[in-house]
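A quick write-up on the structure given underneath.
Only this structure's heavy atoms are used, side chains among them; waters, hydrogens and symmetry mates stay out. Counting convention: from 1, in listed order, for ligands and their atoms alike.
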Amino acid sequence: MNIGIYPGSFDPITYGHLDIITRSAKLFDKLIVAVLSNPQKQPLFTVEERLEMIKESVKDIKNIEVDSFSGLLVDFARLKQAKVIVKGLRAVSDFEYELQMALMNNKLDGEIETIFIMTSSKYSYLSSSIVKEVSRFGGCIKGLVPPIVEKQLKQKFARVN
Ligand code: PNS
């Protein structure tokens, strides 16, 4: 089975992520969307909340598995028998960090390849951080994130503010 893995923080998932998921799911028998559980970062959403929002957002795509991981991505990829890491590239500014991660992952496991998919220009300015910032101050995020994320962000910031 040809298995790909699309890792990220997904705090929260945006339509930019979904664009990459939808397009890369066509390249594999199975695509695993892997949410990093990293206690050192201070995410807005818990891993469980992030998993729930992703599952709801990808429910119509048949060959997707959604899971979380901690530790090294290559270890999780090996565990899941995924041979390809999928990353999205929005702009040149993403490139340097992504190159560093791809080279490090290749050094850690030369059997696992990283491929890059260019995010649709429609979403090239989008990031989880910018969506959170706009939502925190009451701006409109319609069309930028799936409806479940819009709802969860509103609830989260209603509680915070
Ligand atoms: O959405 P993000 O925060 O840009 O995703 C970053 C992620 C999760 C892909 C990256 O931090 C990662 O793979 N972390 C796992 C730890 C790891 O394997 N580090 C070594 C490779 S750089």
Protein N/O near ligand 1 N/O, under 3.5 Å, which pairs?
| from | atom 1 | to | atom 2 | distance (Å) |
| --- | --- | --- | --- | --- |
| ligand 1 | 1 (O) | Ser9 | N | 2.9 |
| ligand 1 | 3 (O) | Ser9 | OG | 2.6 |
| ligand 1 | 3 (O) | Lys41 | NZ | 3.2 |
| ligand 1 | 18 (O) | Leu73 | N | 2.8 |

Exercise. Sorted by first residue and then second, give each side-chain hydrogen bond (donor to acceptor under 3.5 Å, both in side chains) pair with at least one member in residues 121-134; sequence neighbours left out.
Key: Asp11-Lys132

Quiz prompt | SB check Lys80 Glu65 (cutoff 4.0 Å) | solution = yes

Quiz item: Are Lys59 and Glu56 within salt-bridge range, i.e. N to O under 4.0 Å?
Solution: yes

Exercise. Please list, chain by chain and in numerical order, all residues satisfying ring pair (Phe, Tyr, Trp, His ring centres under 6.0 Å) with Phe76, sequence neighbours excluded.
Key: Phe69

Quiz item: Is the CG atom of Leu103 crowded by more than 12 outside heavy atoms at less than 6.0 Å?
Solution: yes

Practice problem: Output all residues satisfying salt bridge (Lys or Arg N to Asp or Glu O under 4.0 Å) with Lys83, sequence neighbours left out; order by chain, then residue number. | Solution: none

